[in-house]
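Working notes, beginning with the structure itself.
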Amino acid sequence: MANYIFVAGGVMSSVGKGAATASIAKILESRGFKVTAVKIDPYINVDAGTMNPVEHGEVFVTDDGTECDQDIGNYERFLNQNIGNDNYMTTGKVYLSVIQKERNLEFEGRCVEVVPDIPNEVISRIKKVAKNTKSDFVLIEIGGTVGEYQNLLFLESARMMKLQNPRKTLFVLVTYLPTIKIIGEMKTKPTQTSARLLNEAGIQADFILGRASVPLDGPRKKKISIFCNLDPKDVISAADVDSIYEIPLNFEREGLGDRILKKFRIRSRKNDFSDWQNLVNTIKKEKSPIKIGIVGKYFESGEFSLTDSYISVIEAVKHACWACDREPVIEWLSAQKFETEKQNLEKLKEYDGIIVPGGFGIRGIEGKISVIKYCRENNIPYFGLCLGMQLATIEFARNVCGISLATSREFDEKTIEPVIDIMKEQKGLLKKKDYGATMRLGAWDCSIKPNTISSRAYQQEDISERHRHRYEFNNNYRELLEKKGLIIAGVNKEKDLVEIVEIKNHPFFVGVQFHPELKSRPLAPHPLFIEFIRASIKNKKRPA
Ligand code: GLN
């Protein structure tokens with residue numbers, strides 16, 4: 001029977017529960033166990049596909065096409081394993097299935113109630129994950145913060161699971177300890193309050209992970225131990241780190257792996273962290289920098305700059321840089337600025353490579369197209385991801401093939417030059433307003449053309465990559481664009497869809513209809529990102 005570890009957060013959001021959950025999973029994996037992780041989002045949204053990235057961060061997509069929270073990306077990256085639909089739950093998803101069961105008379109006429117029917121559904125879903133993945137440990141991260149109304153039923157599910165299997169269930173509370181500058185002391189009170197709020201839900205934390213700017217000292221650990229009712233050894237210091245990949249090693253230094261196994265009365269099967277240690281050594285050592293500009297629009301929020309919307313892109317760039325022994329320097333470039341202030345384009349020369357990532361809607365489009373044109377004409381390595389591929393195609397059609405009105409049906413429904421168009425099935429879905437989980441999603445096969453940048457990168461002909469988009473390269477323009485020099489470097493043969501475009505005589509100009517960033521892992525960087533970084537390294541030597 002599997003062991004279950006629930007991870008909840010206290011004090012405030014964004015304290016790094018996802019990275020903590022992934023790190024605990026990693027520790028247990030390094031001890032020789034089969035581990036998986038589940039994310040619970042308390043939203044009514046059935047999945048993350050309908051959420052704006054500025055509000056919720058990146059929409060991560062799994063091989064099976066689940067549009068989920070970015071934490072699933074963290075789990076995949078830490079565990080170097082593919083995670084599926086069952087590992088992602090939202091309030092909406094749980095209620096929807098309970099209501100569907102009720103409609104199907106599966107409750108045999110009895111009154112269906114929030115408690116216990118909702119927690120029972122949650123528990124059966126968690127157990128299904130354990131069974132299907134044959135895991136020794138299932139980590140379950142409960143989104144939100146303790147004390148809020150939204151995640152109460154999930155905490156209730158966790159409490160009920162503990163009651164059913166007391167020796168097989170543990171609770172971890174991740175909190176934040178602020179240090180007020182003028183007082184200069186790290187305060188434990190918000191952590192104490194959070195632990196009590198968890199007690200109110202009938203749960204005693206077995207571990208408290210104290211997030212803070214600096215490590216927790218002895219007196220702080222002791223205080224938390226007394227007031228939160230746990231052994232000081234189970235108060236784990238989780239100070240800020242430069243790279244999240246350091247966290248599992250820091251937790252191990254605090255003895256977390258041994259303490260967890262002790263509580264479950266299980267012995268380690270092995271203890272091998274060498275690959276991970278090597279990775280962290282590479283991350284921390286001094287390396288010469290490589291400067292990558294990402295042109296987007298989902299990072300501006302008032303006066304603040306958020307990078308969560310592009311987290312997988314950032315991680316993929318980092319993984320590839322580390323593999324090439326370079327220090328990633330990533331900068332954000334606002335797409336709209338390239339529309340109003342054309343002189344900004346000159347600044348692109350300061351970058352070793354440019355990425356235009358995925359996106360939706362017309363805002364910032366013309367700025368991105370100007371950037372792509374500049375990269376094409378000035379031999380700056382360019383990597384277009386999904387929307388970035390569609391815009392590279394539009395730019396090529398406009399400026400190389402002379403189709404001045406070329407655009408995507410997404411930006412102009414009545415366009416006469418839909419170089420990027422909507423497919424028939426998609427048109428029907430949009431008419432019905434059937435938006436949820438209906439894009440081209442998840443893993444699709446792609447055949448790579450020999451003697452291309454992509455074939456050099458992948459070193460294989462048949463690949464599979466993850467998608468999330470509605471619009472496609474319009475095959476009516478294929479012949480003309482190819483004649484003018486666009487290389488169709490990858491296609492999905494089954495549906496005859498263009499998946500990769502490249503151009504000749506350029507250090508690196510590649511646009512992919514899929515999202516390679518979603519499959520990059522620190523221990524298995526993505527080949528296209530590596531090829532892009534290699535080209536960027538070469539470009540750095542370019543005379544000014
Ligand atoms: N908006 C484009 C489409 O729906 C691209 C989507 C994306 O970049 N993920 O096809």
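Position 1 is the first residue of the sequence, and the numbers go up from there. As the structure lists them, so they are numbered: ligands from 1, and atoms in each ligand from 1. All figures in this text were calculated on a predicted structure; none of them were measured in a lab.
- Under the 3.5 Å distance criterion, the side-chain polar atoms of R398 are matched with a main-chain donor or acceptor of A406.
- Of all heavy-atom pairs spanning C321 and P328, the tightest one is SG-CB, 3.7 Å.
- Residue G359 has at least one nitrogen or oxygen atom sitting less than 3.5 Å from a nitrogen or oxygen atom of ligand 1, judged on distance alone.
- Scanning the protein heavy atoms around atom 2 (C) of ligand 1, the nearest turns out to be E410 OE1, 3.2 Å.
- Without hydrogens or angle criteria, N475 side chain to D496 main chain gives a donor-acceptor distance under 3.5 Å.
- Side-chain contact of T90 with D47: a donor-acceptor pair under 3.5 Å is absent, judged by distance alone.
- Scanning the protein for heavy atoms near atom 7 (C) of ligand 1, the closest one is C386 SG, 3.0 Å.
- With no hydrogens or angles considered, a side-chain donor-acceptor pair links R77 and S312 at under 3.5 Å.
- The closest side-chain donor-acceptor pair between E315 and Y245 falls under 3.5 angstrom.
- Residue contact check for ligand 1: H515 places a non-hydrogen atom closer than 4.0 Å to it.
- Residues K495 and N492 have side chains that never bring a donor and an acceptor to within less than 3.5 angstrom of each other.
- Atoms of ligand 1 found under 4.0 Å from any heavy atom of H469 (numbered from 1 in listed order, with element): 3 (C), 4 (O), 6 (C), 10 (O).
- Looking only at protein heavy atoms, the nearest one to atom 4 (O) of ligand 1 is R470 N, 3.0 Å.
- With respect to atom 10 (O) of ligand 1, the closest heavy atom belonging to the protein is Y471 N, 2.9 Å.
- Heavy atoms of R468 found under 4.0 angstrom from ligand 1 belong exclusively to the backbone.
- Here M439 has no heavy atoms under 4.0 Å from ligand 1, in either its backbone or its side chain.
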